[in-house]
Amino acid sequence: MSFARPRGLGSRTSLALIFTLAVIAMLAAMLPSALTGTASAASKKKRKPASVKVMSRNLYLGADLGPAVAATSLTDFVTKNGQVVRDVDANNFPVRAKGLAAEILKKSPDVVGLQEAAMWRTGDPNLDAALGGPKTATTVRYDYIKSLMGRLNKRKKHYRVAISNDQFDFEAPADFDNDPGTGPFGGEINGRLTMRDALLIKVGTGIKVKNVKGSHFSTLYQPVISGVPVTVQRGWVRADVKIGKAPWLRFVDTHLESFGDPTIREAQAKELVAKHGPATGRLPVILIGDLNSDHKTTPGPDALAYNALLRAGLRERTRTMPHTCCIASGILTDNFGSLGDFTESIDHVMTDAPKRIKLKSASVTGRVPRNGFWDSDHAGMFSRLLVKR
């Protein structure tokens with residue numbers, strides 16, 4: 001009996017078949033990792049930049065301080081202070097807060113930087129505080145932050161204060177009743193102004209905040225008013241914020257000096273971006289503020305501060321038109337001022353990391369009076385940024 005040899009085991013056809021099967025097995029083994037790599041690449045490609053909404057809002061302290069700063073005598077100073085307090089009353093911040101809150105709620109920014117978030121207090125007349133003694137005016141007349149937050153959160157809590165930092169804090173007699181026959185040098189009350197910067201954070205959106213801090217500049221304007229030297233404190237507030245899917249970002253809000261030599265403002269800008277300055281660090285920086293400087297609309301020495309920030313690597317993330325500054329009248333009722341008064345763009349949102357943070361869109365708010373008032377002597381600046389993840 002003979003046994004037949006299994007068919008094909010020794011043929012060329014069988015060898016080709018075995019080789020083909022081996023190749024298929026090898027490809028099958030490689031397929032999952034190849035697919036994973038493709039999926040990972042596709043996933044990475046589909047990761048869109050995160051959207052971050054930012055607003056800068058100068059609230060206007062309520063009066064023009066220029067005449068008081070330029071007073072020629074102590075009596076003249078007290079008289080001008082009286083006009084300041086009367087103007088603050090006339091500019092009625094509780095009413096203006098309605099319009100300001102409406103601006104913010106309509107745009108719904110994740111972070112709002114406030115400047116000139118004033119607190120006004122009054123007390124019995126004395127010269128001690130103006131001469132460097134203890135401050136005694138404690139009766140709150142207006143608290144701009146409290147009034148604004150009350151309007152923002154009237155029906156639902158939309159915003160919280162991450163940080164508020166006191167800046168210029170000055171108290172002096174004021175001839176409020178415009179009768180020079182009462183009080184020291186004609187002042188029957190003391191008026192006290194505390195300037196503040198603040199950062200507001202939107203609530204209910206999973207936003208995280210850490211490393212909150214505020215401080216003052218070392219370079220300051222120091223006028224001599226009626227023979228008395230006065231230091232005008234300015235500074236900044238800062239917070240590291242994580243908004244949704246965006247990476248951690250460092251937000252800095254500031255108000256650079258309005259008066260005096262423009263080199264004071266320039267020095268303050270340089271402090272922001274100096275080594276270990278508030279607008280530096282390992283996180284991408286978003287600088288918000290009334291910089292009182294611009295490279296186009298404030299030429300000459302007034303551009304120094306803005307140019308210093310540009311040289312440090314910050315880039316504009318707002319619009320230059322329409323302009324945001326400023327109503328020419330110190331009184332903001334709607335029968336004063338016009339759109340023609342807005343001739344400068346000194347309110348800014350700037351960022352470093354220009355390849356990582358781009359401007360998606362920007363708009364200007366508050367250029368129309370409402371409730372019988374302009375919301376502020378400044379317009380508001382809103383920016384929607386795209387941040388690479």
Side-chain angles (χ1 to χ4, degrees), residues 49-58 104 107-115 117 159-165 197-202 205-215 235-256 268-274 276-294 305-306 308-320 324 345-365 380-389:
S51 176
V52 173
K53 296 181 291 182
V54 187
M55 191 169 189
S56 178
R57 201 62 183 96
N58 182 308
I104 294 170
K107 292 297 184 181
S108 191
D110 301 303
V111 179
V112 184
L114 301 180
Q115 308 92 39
Y159 286 90
R160 66 183 180 90
V161 180
I163 181 173
S164 168
N165 189 33
D197 298 325
L199 281 172
L200 307 185
I201 305 294
K202 192 175 180 181
T205 55
I207 297 178
K208 301 177 182 178
V209 180
K210 64 181 181 180
N211 295 334
V212 176
K213 186 178 180 181
S215 191
W236 48 266
V237 289
R238 184 193 78 190
D240 295 343
V241 185
K242 189 175 189 326
I243 302 164
K245 295 181 179 179
W248 282 94
L249 301 167
R250 173 157 293 175
F251 287 84
V252 181
D253 176 59
T254 191
H255 187 309
L256 301 185
Q268 292 173 349
K270 289 180 176 179
E271 287 185 43
L272 291 172
V273 293
H276 306 305
T280 62
R282 62 181 182 82
L283 298 180
V285 172
I286 298 176
L287 175 66
I288 309 165
D290 174 359
L291 304 181
N292 280 304
S293 183
D294 181 61
Y306 188 83
L309 297 174
L310 290 179
R311 286 194 299 271
L314 293 177
R315 292 296 176 263
E316 188 62 52
R317 294 294 180 260
T318 54
R319 298 176 60 175
T320 56
T324 59
S345 295
I346 60 175
D347 301 276
H348 297 276
V349 175
M350 303 181 75
T351 74
D352 65 0
K355 293 183 178 179
R356 195 172 180 187
I357 307 177
K358 303 291 185 181
L359 176 64
K360 172 66 175 178
S361 61
S363 57
V364 176
T365 65
M381 177 57 72
F382 172 83
S383 295
R384 185 189 296 269
L385 307 176
L386 295 180
V387 184
K388 286 187 178 181
R389 295 186 278 156

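Owing to the predicted nature of the structure, the values given are computational and were not obtained by experimental measurement.
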What closest approach, in Å, do [X] and [Y] show between heavy atoms, and which atom pair accounts for it?
X    : Y    : answer
A269 : A305 : CB-O, 3.6 Å
L314 : L310 : O-CD2, 3.4 Å
A239 : V212 : CB-CG2, 4.0 Å
A279 : V252 : CA-CG2, 4.0 Å
P49  : L386 : CB-CB, 4.0 Å
T320 : S345 : O-OG, 2.7 Å

Crowded around K53 NZ? As in, over 12 foreign heavy atoms under 6.0 Å?
yes
When rounded to the nearest 0.5 angstrom, what distance separates [atom1] in [X] from [atom2] in [Y]?
X    : Y    : atom1 : atom2 : result
R319 : T324 : CZ    : OG1   : 11.5 Å
L309 : L256 : CG    : CG    : 7.0 Å
I286 : D352 : CD1   : CG    : 9.0 Å
K360 : R384 : NZ    : CZ    : 8.5 Å
S51  : D110 : OG    : CG    : 7.0 Å
D253 : R57  : CG    : CZ    : 13.0 Å

Partner of [X] under side chain to side chain contact (heavy atoms under 4.5 Å, CB included), chosen from [options]:
X    : options                : result
L359 : R317, R315, E316       : R317
T351 : V54, V52, L385         : L385
H348 : D290, D294, I288, L287 : D294

Kindly indicate whether the side chain of L249, heavy atoms from C-beta on, has any atom under 4.5 Å from the side chain of V111.
no
Are L114 and D197 side-chain neighbours, meaning at least one heavy-atom pair lies under 4.5 Å?
no
Determine whether a donor-acceptor pair (N or O, by modelled atom type, separation under 3.5 Å) exists between the side chain of [X] and the backbone of [Y].
X    : Y    : answer
S56  : F382 : no
T254 : W236 : no
K355 : I357 : no
Y159 : P109 : yes

Applying side chain to side chain contact (heavy atoms under 4.5 Å, CB included), run through V161 and L200 and close with a yes or a no.
CA-CA 5 Å; V161 180; L200 307 185; 3.7 Å; yes
State which residue, out of K210, K213, R250, fulfils the salt bridge (Lys or Arg N to Asp or Glu O under 4.0 Å) condition with D240.
R250
K202: partners by salt bridge (charged side-chain N to carboxylate O under 4.0 Å, His left out), with sequence neighbours left out
none
Please walk me through it: do R238 and L199 pass side chain to side chain contact (heavy atoms under 4.5 Å, CB included)?
CA-CA 8 Å; R238 184 193 78 190; L199 281 172; 5.6 Å; no
Full working for side chain to side chain contact (heavy atoms under 4.5 Å, CB included) between I201 and F251:
CA-CA 11 Å; I201 305 294; F251 287 84; over 6 Å; no
Evaluate side chain to side chain contact (heavy atoms under 4.5 Å, CB included) for L283 paired with N211, printing each intermediate quantity in order.
CA-CA 12 Å; L283 298 180; N211 295 334; 5.7 Å; no
